[in-house]
Amino acid sequence: MRIGQGIDAHALVAGRALVLGGVAIPFERGLAGHSDGDVLLHAITSALLGALGEGDLGRHFPSSDPALAGIASSEILARVAARVRAAGFAVENVDATVVAQAPRLAPHLEAMEKEIARTLAIAAERVNVKATSTDGLGAIGRGEGIAAQAVVLLGERDPGRGSPRG
Ligand SMILES: [Zn+2]
């Protein structure tokens, strides 16, 4: 077994679409940053790299690399998921929390779980996404940004079965 954790935060700015967990969410602002600013997928990707013992997102996908300009966060997650499989592991489960004051994310959590599971090529019940606020406290409570935290567990793939579980 291998465990990994990841955390990320991005500023909310006008003129950007809000994408969380690979799902477009109606809101008047979106997350700044490289690619689509998908803070949830970045936290999960970081957790997977951590579980593999392979450093962080910036090492593998530097924002200075012009070849990566505009790349979707789901594509980055898919590439790291392929690294997980190539290293002989399967994703046992993902648990993640999005910290946001607004918008209300509860109606979108199931869609995020399905999209993340699809990108990781695992069953949807292995992915759990939660949402919370800071009860108005701090920068996130003032709506200046959104943060996310994720934990992943990897298990060795069963060599006798030849394919990842899930
Ligand atoms: Zn990020």
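Note that these values count all heavy atoms, side chains included, but never hydrogens, waters or copies made by symmetry. Both ligands and their constituent atoms are indexed starting at 1 by order of listing.
If you take CD1 on I146 and CZ on F27, they are separated by 6.5 Å, rounding to the nearest 0.5 Å. Once rounded to the nearest 0.5 Å, the distance linking OG of S63 with CG of L68 reads 9.0 Å.
The backbone N or O of G143 sits less than 3.5 Å from a side-chain atom of R29, completing a donor-acceptor pair. T134 contributes a side-chain N or O that, together with a main-chain N or O of G141, makes up a donor-acceptor pair within less than 3.5 Å.
Checked options E125, R126, R118; the residue passing with I122 is R126 (criterion: side-chain contact (heavy atoms from CB on, under 4.5 Å)).
Shown here are the protein N/O/S atoms lying under 2.8 Å from the Zn ion (ligand 1), water excluded: D8 OD2, H10 NE2, H42 ND1.
Side-chain polar atoms of S73 and S35 form a donor-acceptor pair below 3.5 angstrom.
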